[in-house]
Protein chains: 2
Amino acid sequence: MRIEDAAVIRELPLFRNVEHGAFARLIDAGFLQRFPPGVVLIQESDRADFLHVVVEGTAELFAGTGGRETTIELVRPVGLFILAAVLRDQVYLQSARTLERSLILMLPAESVRATLEADPAFMRAVVMELAGDYRRTIRDLKNLKLRNGAERLANWLIRAELEQGATGAVEIPVEKRTVAARLGMTPENLSRAFATLAEYGVRTKGARVEFTDRSALVAYAKPDPLVDLPD
Amino acid sequence: MRIEDAAVIRELPLFRNVEHGAFARLIDAGFLQRFPPGVVLIQESDRADFLHVVVEGTAELFAGTGGRETTIELVRPVGLFILAAVLRDQVYLQSARTLERSLILMLPAESVRATLEADPAFMRAVVMELAGDYRRTIRDLKNLKLRNGAERLANWLIRAELEQGATGAVEIPVEKRTVAARLGMTPENLSRAFATLAEYGVRTKGARVEFTDRSALVAYAKPDPLVDLPD
DNA sequence: CCTATTAATTGACATTTGTTAAGCGGTCGC
DNA sequence: GCGACCGCTTAACAAATGTCAATTAATAGG
């Protein structure tokens, strides 16, 4: 593994306070691997064998039942999936695929669990990480149950624009179909949602979205810190 | 606290392996209190001050934004809420109210966090509990995004019938409006969903629901272990 | 037992979302 | 440079869901 990759992983909240030797052993047991776009990294219903860390690129977590499929989450550097299944030694509830060329660190489930037992600092970090994952998912559930498609898109755009530096414009970093699935709608519906938001000053040219009237958009979206903000 | 209440709490996976003294201290710091129906126990956006354990009765976790409201979960004996907010010392993302006369144990957040630091067994149990909470929520999210109302109801009924002893009948233990909110629909829509399921042998008389053709119902519901079964 | 109140159901209608099909526009490989 | 492909958009229609109003059923109090 490159030294700079180890460094960024070391800085993750999950690993920051892990004892030096335990971290070294954990990393040593792992595999750092590059994947082309579209590779399925894990499959729902498979026994959880690795904790995955996205070092570069993007991973999409998705799931299906009864012939339908949806996107649960997009994981970017430096983020991980799926801790819960690894810790409980159970099957994955979600699949994951790369959306672009990606660098993924795979830590054997057994090593992760061993580190958990060996290092209280890691255990503490795991508790915080899991609690955060749970809360993010609850936010998502609220978003989905309490808003319609256009409202979800509006809030998603506001959040993305903020994360990209509040320049009044957003670059959508994935295919729109993926955004649609992430927001719980069809691509056709996403187009309609964009059309709806045009009334509130949202201008789209391809993957680039501009806000010409932020206050109107915010008034429509009614962002709520208990739904839209990270902890 | 009555001795039998302490005993059932002791048997919870979360507390089962906690060291004796630590458990005693934690329980001692708590309050066991009886509430009439309809009492709001916690309010979203409030700082998490207590871990709540439902000893008797039922608590409804709900949340709202933009004037709308929905039910996230129903907690029955012996279950707890909301561990994640307590551990992270953050605000609740959900409110909770009693649906009936209930006995609730309230453990001060500070004591819970202290026990976490004091007892590795508790920390381990917390990890498993949180991982389970996360997975349950992911299942819920999949259910919501991948199924329509009638399908969600069908699977909910199948699960409830199983939990009540697989007698071919289900007693719905809460108001139907609550079931509707739990399943992400309006009460009117729930009525329509029941009407749809009548085609598959679902007969309802008030709160009692009977299956006259289980295989037809299952064929319609297409239950999926990755969505519908507990871990 | 009766009445007042609330929940549940039903119907009509509006809105939202999904589906199907067509067309547009860009990209990639030949 | 051209054609095939793919993603996105648009339109028309269908299905699902929400809303409003009225009625019926269930429940609790007096």
Side-chain angles (χ1 to χ4, degrees), chain A residues 36-38 60 64-71 99-101 143-155 157 170-199 202-209 220-221, chain B residues 36-38 60 64-71 97 99-101 143-157 170-199 202-209 220-221:
Chain A
E60 177 190 15
T65 196
R68 281 159 281 190
E69 183 181 306
T70 191
T71 300
L99 290 186
E100 49 185 323
R101 189 172 148 81
N143 190 37
L144 208 61
K145 289 182 88 169
L146 295 168
R147 288 177 173 151
N148 66 25
E151 290 169 334
R152 293 198 297 276
L153 175 59
N155 281 292
L157 287 172
V170 185
E171 196 72 25
I172 299 179
V174 293
E175 290 178 354
K176 288 202 183 139
R177 57 189 319 186
T178 306
V179 175
R182 174 69 186 76
L183 295 177
M185 61 182 104
T186 59
E188 294 89 336
N189 228 313
L190 180 68
S191 282
R192 275 185 284 222
F194 270 116
T196 301
L197 297 188
E199 293 180 48
V202 174
R203 305 273 171 268
T204 71
K205 312 162 196 163
R208 185 176 170 80
V209 181
Y220 174 79
Chain B
E60 177 189 17
T65 195
R68 281 159 279 190
E69 183 181 305
T70 191
T71 299
R97 69 168 77 95
L99 290 185
E100 50 185 322
R101 188 172 149 81
N143 190 37
L144 207 62
K145 289 181 88 169
L146 296 169
R147 288 178 174 149
N148 66 25
E151 290 170 333
R152 294 198 296 276
L153 174 59
N155 282 292
W156 187 86
L157 287 172
V170 185
E171 196 72 27
I172 298 178
V174 294
E175 289 179 353
K176 286 200 185 142
R177 57 189 319 186
T178 306
V179 174
R182 174 67 186 76
L183 295 178
M185 61 182 105
T186 58
E188 293 92 333
N189 229 311
L190 180 68
S191 282
R192 277 183 281 221
F194 269 116
T196 300
L197 297 188
E199 293 179 48
V202 174
R203 306 272 169 270
T204 71
K205 313 162 194 162
R208 185 177 171 78
V209 181
Y220 175 79

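Throughout, protein chains are lettered first and strands after them, A, B, ... in sequence-line order, and every chain is numbered starting at 1.
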Is there a donor-acceptor pair closer than 3.5 Å between any side-chain N or O of B/Arg101 and the backbone N or O of B/Pro37? no
Atom NZ of B/Lys145 and atom P of C/dG18 are separated, to the nearest Å, by 11 Å
d(CG, B/Asn189; P, C/dT15) in whole Å: 17 Å
Under 4.5 Å between any side-chain heavy atoms of B/Pro187 and B/Arg177, yes or no? yes
Whether A/Thr186 contacts C/dG18 is assessed here as follows: a side-chain N or O lying under 4.0 Å from the phosphate OP1 or OP2. Is that the case? yes
Compare side-chain N and O positions of B/Lys205 against OP1 and OP2 of D/dA25 and report whether any pair is under 4.0 Å apart. no
For A/Leu190 and C/dT16, what is the distance between atoms CG and P respectively, to the nearest whole Å? 16 Å
Closest listed nucleotide, where the reference is the side chain of B/Met185 and the choices are D/dG18, C/dG11, D/dA11: D/dG18
Counterpart residues, ring pair (Phe, Tyr, Trp, His ring centres under 6.0 Å), relative to A/Tyr220 (two or more places apart): A/Tyr200
Report which part of the nucleic acid A/Gly149 touches: base, sugar-phosphate, or nothing (heavy-atom distance under 4.0 Å, all strands). sugar-phosphate
Figure out the CD/C1' separation between A/Glu151 and D/dG18, and round it to whole Å. 13 Å
hbond_proxy A/Glu175 side chain to D/dC8 base (donor-acceptor, 3.5 Å cutoff): no
For the pair made of CG in A/Asn148 and P in D/dA16, what is the distance, rounded to whole Å? 19 Å
Flag, side chain of A/Lys145 to backbone of B/Arg182, donor-acceptor distance under 3.5 Å: yes
In whole Å, what is the span from the CG atom of A/Leu153 to the P atom of C/dT17? 11 Å
Starting from P on C/dT17, measure out to CZ on A/Phe194 and report it in whole angstrom. 15 Å
With a 4.0 Å cut-off on heavy atoms, is A/Arg192 in touch with a base, just the backbone sugar-phosphate, or nothing at all? base
Residue pair A/Val209 / A/Arg203, side-chain heavy-atom distance below 4.5 Å: no
B/Arg152 side chain to B/Arg147 backbone, donor-acceptor under 3.5 Å: yes
Please round to the nearest 0.5 Å and tell me the distance separating atom CG of A/Leu153 and atom CG of A/Leu197. 5.0 Å
Write down the distance between CZ (A/Arg177) and C1' (D/dC6), rounded to a whole number of angstrom. 9 Å
Between the first and last five pairs of the helix from C/dC1-D/dG30 to C/dC30-D/dG1, the angle of the axes, rounded to 10 degrees: 40°
